[in-house]
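Below is one structure, written out as structure tokens; the observations come after it.
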Amino acid sequence: MKERVIAVFVTTHETMLAEKTFKTGGVKFRTALKPRKLGGSCQMALTFAPEIFQRARDVVKESGLKLEGFYRQDGEGEWTPL
């Protein structure tokens, strides 16, 4: 399994806003279902490659998006908060 990073936002509306913000901010991502292990009320999440994490974090911070958290999935499929 390939390593990846996921951004989980507090609501579905916030995730949809993040999609637009990531697009304009040049962050390449994919929309995905949020893994149940990560909690939170929103069922959607945005995934991207680990090398894009810093840019994604900057875009979230600059735009004031309400983020539940960033998580990294390792080769074993386990999620770790970033």
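- Every residue was checked against the ring-ring contact (aromatic ring centres under 6.0 Å, His included) condition with F9, not counting sequence neighbours, and none meets it.
- Residues forming a side chain to side chain contact (heavy atoms under 4.5 Å, CB included) with K66 (at least two apart in sequence, or on another chain): V10, E14.
- Both V60 and L82 are members of a single hydrophobic cluster when ILVMFWY side chains are connected at heavy-atom separations under 4.5 Å.
- Contacts of E51 classified as side-chain hydrogen bond (donor to acceptor under 3.5 Å, both in side chains), with partners at least two apart in sequence or in another chain: none.
- Hydrophobic side-chain contacts under 4.5 Å tie M44 into a cluster, directly or through other members, with M16.
- Counting only residues at least two apart or on different chains, the ring-ring contact (aromatic ring centres under 6.0 Å, His included) pairs with a member in residues 46-74 are F53-F70.
- A search for side-chain hydrogen bond (donor to acceptor under 3.5 Å, both in side chains) contacts involving T31 returns E19, not counting sequence neighbours.
- Partners of K37 according to the salt bridge (charged side-chain N to carboxylate O under 4.0 Å, His left out) rule, which considers only residues two or more places apart in sequence or in another chain, are E78.
- The OG1 atom of T15 sits 10.0 Å away from atom CD of E68, with the distance rounded to the nearest 0.5 Å.
- With sequence neighbours excluded, the residues forming a salt bridge (charged side-chain N to carboxylate O under 4.0 Å, His left out) with R72 are E3, listed by chain and number.
- In this structure E62 satisfies the salt bridge (charged side-chain N to carboxylate O under 4.0 Å, His left out) test with no other residue, sequence neighbours excluded.
- For the pair L65 and T21, the minimum side-chain heavy-atom distance is below 4.5 Å.
- The shortest non-hydrogen separation linking T47 to A32 is CG2-CB, 4.0 Å.
- R57 is linked by a side-chain hydrogen bond (donor to acceptor under 3.5 Å, both in side chains) to Q54, counting only residues two or more places apart in sequence or in another chain.
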**Prompt:** Please walk me through it: do L38 and I6 pass side-chain contact (heavy atoms from CB on, under 4.5 Å)?
**Reply:** CA-CA 10 Å; L38 299 183; I6 192 167; 3.9 Å; yes
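- Between R55 atom CZ and F22 atom CZ the span is 9.5 Å, to the nearest 0.5 Å.
- Hydrophobic clustering, with ILVMFWY side chains joined whenever heavy atoms are under 4.5 angstrom apart, groups L67 together with F29.
- Contact annotation: the side chain of I52 approaches that of K28 to within less than 4.5 Å [non-hydrogen atoms, C-beta and beyond].
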